[in-house]
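Remember, it's 1-based here, ligands and their atoms both numbered in the order they're listed. Below, each value reflects all heavy atoms present in this structure, side chains not excepted, and no hydrogens, waters or symmetry copies.
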Amino acid sequence: MTNLTNCIKPIIIEGVGCYLPGRVVTNDDLAKIVDTSDEWIRTRTGIGERHLAAEDEACSDLAVLAARQALEDAGLEPSDIDLLIVATVTPDHITPSAAVLIQAKLGLCSVPSFDVNAACSGFLYALEATRSLLRDERYRHALVIGSEKLSSIVNWEDRTTCVLFGDGAGAFVLSNSASDLPVITDGLAGADGSAANLLYVPAGGSVQPASKETVEGHLHTVTMNGRELFKAAVRHMAEATEELLKRNGLTTEDIAWFVPHQANIRIVQALAQQLNVPMERFVCNIEHTGNTSAASIPIAFAQAKAEGRFQKGDRIVLVAFGAGLTWAATLVEW
Ligand code: UT7
């Protein structure tokens, strides 16, 4: 595992926010378009419903709404932000980045703005990058967003994938200024590209540019080996958590809350079992969101914060796993 950012000073979480689109699609709704059932989806995944963006709502639109909430939570104006990083696999366009569109829509100054693509681990990768960049005193307040319109890359005729995903966005405002607000104290990230074929979108990139054949063959949508991913998800999230705790001299007993990537409630249950931690200490919102990839952790975190779950002094572990393969873990002190 690569330690991207050891020995970096704590970074303050000044504000958090999230946005879920208004349209809620239940499992019964999906059972009308593919051969599935509420019972199968709930039992195998823990998902009951997901929010889907409107046709004219893009990744950047979801991101802007989450970001405005995070800015308000932080008590800051768009003009205070001097760095923007967006984690997404569903940017509005292949180029330019979602980040520059979000920068313009939010009315940020002409600050560095770029995307990170690390699939479901993307938000924690973006936090890692931000922690490093905030060492540079030129940057003071960073906006980090995970935003996904996964409904735009799902094959709605494939029951093995379309039931899993949802749309949404979550955002953190981070700062390197001294304060007693919640801090990110450590983080790590890793990747194994040799397993890239477990979850990918075959066409639309330089290997297979868009053509009539790629569209007809549904090659612009997610193809996935669910069983292999499941096993890899549990293993990598457990290992990442254990390494993060070990190098900080902590055990799972020191952690009040775990906020895992929301891909499947059974993955979280297996992770909890492996770490020997009761499920009550895992923040889970998958029943109402589905898997929102890079948006999943900041949405779950923002909701848990809004519900008042975190108490001063709580240590919180965020842990993610995604296509790539990628994984990452972040340690927060509330
Ligand atoms: O965010 C990171 C990326 N994604 C993941 O981490 C996903 C990880 N994997 C998973 O969550 C699970 O593997 C799935 C939820 C995708 C699948 O669950 P599973 O328990 O591994 O099911 P399976 O793929 O072994 O399929 C079992 C059966 C199959 O039928 P047969 O071959 O036993 O007759 C599937 O065709 O369930 C069938 N099936 C469905 N049936 C009803 C698959 N999808 C559905 C469906 N409704 N939606």
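Classification of Glu216 and Lys212 as a salt-bridged pair holds, one side-chain N sitting under 4.0 Å from a carboxylate O.
Residues Trp334 and Phe301 place their aromatic rings such that the two centres sit under 6.0 Å apart.
Ligand 1 places these atoms under 4.0 Å from at least one heavy atom of Thr160: 43 (C), 44 (N). Each of the atoms 48 (N) of ligand 1 lies under 4.0 Å from some heavy atom of Val163. For ligand 1, the atoms closer than 4.0 angstrom to any heavy atom of Ala263 are 1 (O), 6 (O). If you number the atoms of ligand 1 from 1 as listed, the ones under 4.0 Å from a heavy atom of Leu199 come out as 3 (C). Close approach to Asn264 involves these atoms of ligand 1, each under 4.0 Å from a residue heavy atom: 10 (C), 11 (O), 12 (C), 15 (C). Every atom of ligand 1 with a heavy atom of Thr45 under 4.0 Å away is listed here by number and element: 15 (C).
Of the options Gly226, Ala232, Cys120, the smallest heavy-atom separation from atom 13 (O) of ligand 1 is shown by Gly226. The closest non-hydrogen atom to atom 35 (C) of ligand 1, taken over Lys231, Met224, Arg159, comes from Arg159.
No side-chain donor from either of Ser132 and Glu128 sits under 3.5 Å from a side-chain acceptor of the other. Looking at Thr90 and Glu148, their side chains do bring a donor and an acceptor atom within 3.5 Å of each other. No donor-acceptor contact under 3.5 angstrom links the side chains of Asp115 and Thr88, judged on distance only. A donor and an acceptor atom, one from each side chain of Ser175 and Arg140, are nowhere located under 3.5 Å apart. Counting only N and O atoms by type, the side chains of Thr214 and Gln208 include no donor and acceptor under 3.5 Å apart.
The protein heavy-atom contact nearest to atom 47 (N) of ligand 1 is Thr36 OG1, 2.7 Å. Nearest to atom 21 (O) of ligand 1 among the protein's heavy atoms is Arg227 CG, 3.6 Å. For atom 43 (C) of ligand 1, the closest non-hydrogen atom of the protein is Trp40 CZ2, 3.5 Å. Counting only heavy atoms of the protein, atom 27 (C) of ligand 1 lies nearest to Arg44 NH1, 3.6 Å. Looking only at protein heavy atoms, the nearest one to atom 18 (O) of ligand 1 is Arg266 NH2, 3.5 Å.
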**Message:** What verdict does the side-chain contact (heavy atoms from CB on, under 4.5 Å) test give for Val24 and Leu52, after you've listed the backbone C-alpha separation in whole Å, the side-chain angles of each residue and the deciding distance to 0.1 Å?
**Reply:** CA-CA 6 Å; Val24 175; Leu52 298 189; over 6 Å; no
**Request:** Please report the C-alpha distance between Asn291 and Ser293 in whole Å, then the side-chain angles of each, then the deciding distance to 0.1 Å, and finally whether the side-chain contact (heavy atoms from CB on, under 4.5 Å) criterion is met.
**Result:** CA-CA 6 Å; Asn291 179 348; Ser293 191; 4.3 Å; yes
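Counting only heavy atoms, the protein gets under 4.0 Å from atom 11 (O) of ligand 1. Note that atom 31 (P) of ligand 1 has no protein non-hydrogen atoms nearby, at separations under 4.0 angstrom. Counting only heavy atoms, the protein gets under 4.0 Å from atom 16 (C) of ligand 1.
In terms of heavy-atom proximity, Ala54 sits nearest to Lys149 at O-NZ, 3.1 Å.
The backbone N or O of Leu331 sits nowhere less than 3.5 Å from a side-chain atom of Asp186 that would complete a donor-acceptor pair.
Counting heavy atoms under 4.0 Å from ligand 1, residue Ile267 touches it through the side chain alone.
By the 3.5 Å distance cut-off applied to N or O atoms, Asn291 is counted among the residues near ligand 1. At under 3.5 Å, not a single nitrogen or oxygen of Ser37, backbone or side chain, sits near a nitrogen or oxygen of ligand 1.
Trp327 and His236 have parallel rings, their planes meeting at less than 30° on a 0 to 90° scale where 60° marks the start of perpendicular.
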